[in-house]
Trainee: 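A single structure is presented below for examination.
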Amino acid sequence: NAGVTQTPKFQVLKTGQSMTLQCAQDMNHNSMYWYRQDPGMGLRLIYYSASEGTTDKGEVPNGYNVSRLNKREFSLRLESAAPSQTSVYFCASRPFDIFTYEQYFGPGTRLTVT
Amino acid sequence: AQSVAQPEDQVNVAEGNPLTVKCTYSVSGNPYLFWYVQYPNRGLQFLLKYITGDNLVKGSYGFEAEFNKSQTSFHLKKPSALVSDSALYFCAVRDYNAGNNRKLIWGLGTSLAVNP
């Protein structure tokens, strides 16, 4: 099992450009999450998908959109990148189990917006 | 409001000494508590969790954590630190307001440096 994979690993964008961050998991997990990690701010939830076909906003959704393409894939789109979106982005997934809260993380995408 | 606090931004210990990374929480129900580790330029890895039962929970890489209900704490411990334990550690708690969405509330992280 590859677990949670993310592409690309690194990306540099100019202000106003758009891009999509890809995330896929091969663990048959139902729930998937997108976080951003900034120094001194810990992890902040951008969007999540409790199950295939559903998505919901997290703490910091402004400037982002998501698509739960199927059970495996959950993508994050920046329509018009801004320097404030410079961050490390993590995707995570969680199995469908009422007693399981722990999430499994991908390796991250380091995004710089100039 | 529910919250998780990691009161120390950085912890320094000498290799071979015991280490403690502190976490305190505030939740509206029975706490489900978690510790994660993040090595440089990597994603977060699950270390251990407390749901119910024994207050001392054992996890990966020789780590353990002690749940203390009266002090609302869940400190991460290891009897003998290794240089390779140097990493960023996150504490998290179940978000009771999330219902079936199973979200976590995260601490800001503690950077652990183990000196040779």
Side-chain angles (χ1 to χ4, degrees), chain A residues 2-7 9-10 21 23-25 27 29-51 54-61 68 87-111, chain B residues 1-10 21 23 25 27 29-53 57 59-60 63 65 74 87-111:
Chain A
V4 180
T5 57
Q6 293 183 236
T7 55
K9 286 186 167 46
F10 301 94
L21 281 64
C23 173
Q25 51 90 10
M27 298 176 284
H29 287 176
N30 274 50
S31 300
M32 297 184 75
Y33 307 80
W34 275 106
Y35 292 93
R36 59 179 288 173
Q37 183 180 29
D38 302 289
M41 304 192 76
L43 286 174
R44 292 184 292 169
L45 184 64
I46 305 172
Y47 270 93
Y48 64 99
S49 171
S51 60
T54 69
T55 61
D56 287 285
K57 295 178 180 178
E59 299 173 64
V60 289
R68 183 74 183 265
S87 186
V88 182
Y89 291 85
F90 289 101
C91 177
S93 68
R94 186 187 64 80
F96 180 70
D97 179 334
I98 61 171
F99 298 111
T100 299
Y101 279 76
E102 56 266 34
Q103 299 169 14
Y104 296 84
F105 284 77
T109 294
R110 189 172 296 272
L111 175 68
Chain B
Q2 302 181 104
S3 64
V4 175
Q6 294 181 241
E8 299 157 319
D9 290 336
Q10 178 142 353
V21 183
C23 173
Y25 64 88
V27 296
N30 289 327
Y32 290 11
L33 295 152
F34 306 84
W35 275 104
Y36 282 75
V37 60
Q38 184 182 27
Y39 297 105
N41 300 313
R42 305 285 294 274
L44 279 72
Q45 295 179 34
F46 170 70
L47 273 179
L48 52 78
K49 67 180 177 182
Y50 172 84
I51 304 295
T52 187
V57 179
S60 306
F63 283 94
F74 188 56
L88 190 57
Y89 291 81
F90 288 95
C91 181
V93 68
R94 163 186 172 178
D95 182 351
Y96 270 82
N97 294 333
N100 291 329
N101 290 321
R102 304 283 190 276
K103 291 191 288 180
L104 296 175
I105 298 170
W106 296 88
L108 295 183
T110 297
S111 179

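Lettering of chains follows the sequences in order, A, B, ..., and the numbering in each one begins at 1. Just so you know, these numbers use all the heavy atoms, side chains as well, and skip hydrogens, waters and symmetry mates.
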Trainee: Would you please indicate yes or no on a ring centroid separation below 6.0 angstrom for A:F105 and B:Y36?
Mentor: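 Yes, the ring centres sit under 6.0 Å apart.
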Trainee: Look up atom OG1 in A:T100 and atom CD1 in B:I51, then write down how far apart they are to the nearest 0.5 Å.
Mentor: 8.0 Å
Trainee: Take B:Y32 and A:E102 through the side-chain contact (heavy atoms from CB on, under 4.5 Å) test and state the conclusion after the steps.
Mentor: CA-CA 10 Å; B:Y32 290 11; A:E102 56 266 34; over 6 Å; no
Trainee: State, yes or no, whether a side-chain contact exists between A:Q103 and B:L44 at a heavy-atom distance under 4.5 Å.
Mentor: no
Trainee: Counting only non-hydrogen atoms closer than 4.5 Å, does B:Q6 touch chain A with its backbone (N, CA, C, O), its side chain (CB onward), both, or neither?
Mentor: neither
Trainee: Decide yes or no for B:K49 and A:Y101: does some side-chain heavy atom of the first lie under 4.5 Å from some side-chain heavy atom of the second?
Mentor: no
Trainee: Would a 4.5 Å heavy-atom cut-off, applied to side chains only, mark B:L104 and A:L45 as touching?
Mentor: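 No, their side chains stay 4.5 Å or more apart.
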Trainee: Against chain A, label B:I105 side chain, backbone, both or neither, depending on which of its atoms sit under 4.5 Å from a heavy atom there.
Mentor: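 When you check distances to chain A, no heavy atom of B:I105 falls under 4.5 Å.
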Trainee: Under 6.0 Å between ring centres, would you say that holds for B:W106 and A:F90?
Mentor: no
Trainee: Go through the atoms of A:R44 and report whether side chain, backbone, both or neither lie under 4.5 Å from a heavy atom of chain B.
Mentor: neither
